[in-house]
Amino acid sequence: MSLACAGLRALDFGKMVHGFIKKNDEIDSNLFVGSAMIELYSKCRMLDDALRVFEEYTQPDIVLWTTMITGFEQSGDAVEALSLFTRMVMLGRVCPDAITLVSVVSACGQLLNLKAGISVHGFAVKMGLYSGLSLSNAFLNLYAKTGCVNAASNLFKKMQEKDVISWGSLIACYAHNGAAKEALDVFSEMTHKRVEPNSVTVIGALQACEATCNLEEGKKIHEIAARKGFELDVLVCTALIDMYMNCGSPDEAVELFHRMTKKDAVCWAALLCGCVQNGMGGKSMGIFCNMLSSGIQPDAVVMAKILTACSELGILQQAFCLHGFVIKCGFSNNAFIGGSLIESYSKCCSLDNAIKVFEGINDRDIVIWSSMIAGYGMHGRGREALELFDQMVKNTTIRPNNVTFLSILSACSHVGLVKEGIELFNMMVHEYQLMPNSKHYGIMVDLLGRTGELDKAMGIINQMAVPGGPHVWGALLGACRIHQNTEMGEVAARNLFQLDPDHAGYYILLSNIYASDGKWDDMTKLRTLVKDKMLKKLSGQSRVEVRSEVTIS
DNA sequence: GTAGGGTTAG
């Protein structure tokens with residue numbers, strides 16, 4: 001009876017049954033009833049009541065332990081699930097079986113705790129519990145989530161029995177870890193083996209298309225999804241919207257969005273984000289209003305995205321309006337939103353308000369610190385950015401990450417703090433052992449290039465482990481123009497033409513270098529080449545609101 | 001007759 005209630009989430013009725021059982025004194029003697037009651041309360045999100053039933057048993061069996069652990073795990077309380085598991089193992093009265101481990105491994109996956117997962121893996125092998133499909137799938141998912149691509153693919157190869165869940169986990173693993181091609185290969189291998197794709201495998205394959213801007217393949221998968229009726233699935237549609245938006249087909253994304261019968265906050269967020277991505281940020285406020293009037297309560301992610309859209313547009317009034325809404329919805333302490341608010345105010349030319357938001361946040365995570373440092377940098381206040389960075393490093397336990405260094409290095413570069421920039425770059429590599437990416441190198445080249453240290457800038461490019469991207473060569477080209485070094489400018493330009501042959505700005509920069517060096521022949525040749533390619537110099541657009549004296553208190 | 005696996009987002 002309780003089981004039936006759990007299935008139906010019929011709490012009131014279940015409680016009545018619980019009362020009846022208690023009155024008849026059956027609960028102590030009947031473990032079946034106990035686990036059914038725990039399941040009922042857990043599924044109704046009443047973990048306290050579930051735990052109370054569990055504690056009534058002085059000698060719970062393995063099923064009872066497992067039900068309680070699973071209850072925590074499925075309610076998203078993985079920490080409690082693992083601590084209960086530890087308690088069970090310490091007591092040593094019952095031995096975990098494969099079913100217990102499924103929930104324990106899932107909890108490790110939720111916490112991205114690979115170390116704990118691996119020790120459970122060892123335990124499972126030792127106990128000979130390792131062959132079950134569900135448990136293998138749970139491990140597969142753990143490796144997928146923690147980015148252990150090799151461990152996941154090795155396990156998959158070894159599995160004798162596989163189902164659509166196994167395939168789905170492997171596809172997601174590849175898709176989320178920069179191996180889109182492998183993800184699509186696995187998807188097609190799966191269909192060749194006549195395993196019917198479900199919504200999860202379709203989502204993984206779509207994400208792989210999205211990551212590589214593979215519109216052609218994305219459309220094929222859309223067809224499969226439509227044939228199987230997955231256009232009714234909001235998660236599949238969200239993945240489709242993301243894919244179309246990222247592949248530069250916003251019209252198809254919008255059309256699909258309008259066809260959707262059920263919409264949640266996540267798919268609205270995908271639409272919003274996609275519009276900004278495709279240069280239609282101006283529509284974002286309208287979309288946000290439509291979402292509100294259709295009765296969807298915005299969640300933290302939607303709020304963060306609409307704020308990002310607003311910072312792209314630079315409309316301060318809109319930032320104030322949204323900030324008020326954030327407060328009204330009770331999101332003031334949300335770290336994502338705090339970071340977006342700081343970014344919005346900084347980009348909307350209101351550093352004072354960004355600082356007020358920063359100071360109003362008690363629990364500052366690394367995103368908050370990095371956003372504020374970036375804010376100072378954007379406004380040319382490099383010294384203050386450095387002070388804030390120092391304060392973070394010295395007074396908190398928060399470790400700067402790649403993004404933090406991007407912000408602080410760019411702050412130094414904006415105001416020409418060369419010595420400090422070099423020190424920070426060395427700190428990043430040696431003290432924090434972070435691997436600089438193309439953007440970091442780009443800033444360093446910019447920093448050195450601006451002050452005329454072109455040879456040092458070139459030296460940095462030559463010592464990079466990866467080939468220089470557009471940030472790097474673009475920064476060097478810009479520096480060569482300022483300091484009139486035609487020879488090095490040509491090297492930089494040649495690399496840029498290869499990286500992005502259609503980018504008009506690079507040709508124009510080089511032709512300006514030729515012009516100031518008096519190389520009129522070279523300049524004319526280049527201009528003709530540009531004309532032949534029918535490139536037009538794109539006029540940069542920026543928008544700044546004129547009246548912006550409002551402040552928040 | 002009681003317990004088990006995968007997916008959205010800054």
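Taking atom CG of residue A:L129 and atom C1' of nucleotide B:dG4, one finds them 13 Å apart after rounding to whole Å. In this structure, A:L142 places its CG atom 19 Å from P of B:dG4, rounding to the nearest Å. Rounded to an integer number of Å, the gap from A:I38 CD1 to B:dT2 P is 15 Å. Atom CZ of A:F187 and atom C1' of B:dG6 are 15 Å apart (whole Å). Rounded to whole Å, atom P of B:dA3 lies 18 Å from atom CZ of A:F72. If you take CG of A:D163 and C1' of B:dG4, they are 12 Å apart, rounded to a whole angstrom. Residue A:H176 contributes atom NE2, which lies 14 Å from atom P of B:dG6 at whole-angstrom precision. In this structure, A:W65 atom CH2 and B:dG4 atom P are separated by 18 Å, rounded to whole Å.
A:S134 comes within contact range of at least one nucleobase, with a heavy-atom separation under 4.0 Å. Contacts of A:T238 with the nucleic acid, taken as non-hydrogen atoms under 4.0 Å apart, are absent. Residue contacts for A:V367: at a heavy-atom cut-off of 4.0 Å it reaches a base atom on one of the strands shown. Counting non-hydrogen atoms under 4.0 angstrom, A:L133 reaches a base of the nucleic acid. Using a 4.0 Å heavy-atom distance criterion, A:K162 is classed as making no nucleic acid contact. Heavy atoms of A:Q74 sit under 4.0 angstrom from primed sugar atoms or phosphate atoms, though from no base atom.
With 3.5 Å as the limit, one finds a donor-acceptor pair spanning the side chains of A:S370 and A:T404. In this model, no donor atom of one side chain and acceptor atom of the other lie less than 3.5 Å apart for A:S169 and A:N141. In the model, A:E231 has a side-chain atom that pairs as donor or acceptor with a side-chain atom of A:H222 under 3.5 Å.
Residue A:N334 places none of its side-chain N or O atoms closer than 4.0 Å to OP1 or OP2 of B:dG10.
Set against B:dT7, B:dG5, B:dA9, the side chain of A:I203 has B:dT7 as its closest nucleotide. Distance from the side chain of A:T308 is smallest for B:dG10 among the nucleotides B:dG10, B:dA9, B:dA3. Out of B:dT7, B:dA9, B:dA3, the shortest distance to the side chain of A:I99 is found at B:dA3. Closest to the side chain of A:S169, from the set B:dG6, B:dT2, B:dG5, is B:dG6. Of the listed nucleotides (B:dT8, B:dT2, B:dA3), B:dT2 has the atom at the smallest distance from the side chain of A:F32. The A:K145 side chain lies nearest to B:dT7 when the options are B:dT7, B:dG10, B:dA3.
Using a 4.0 Å cut-off between charged nitrogen and carboxylate oxygen, A:R52 and A:E56 do not count as a salt-bridge pair.
Applying the ring pair (Phe, Tyr, Trp, His ring centres under 6.0 Å) definition to pairs two or more places apart or across chains, those involving residues 58-90 of chain A are A:F54-A:W65.
Side chain A:N137 to base B:dG4: no donor-acceptor pair is found below 3.5 Å. Counting atom types as modelled, A:S35 pairs a side-chain N or O with a base atom of B:dT2 as donor and acceptor under 3.5 Å.
Exactly one of A:F358, A:F405, A:F389 qualifies for a ring pair (Phe, Tyr, Trp, His ring centres under 6.0 Å) with A:W369. That residue is A:F358.
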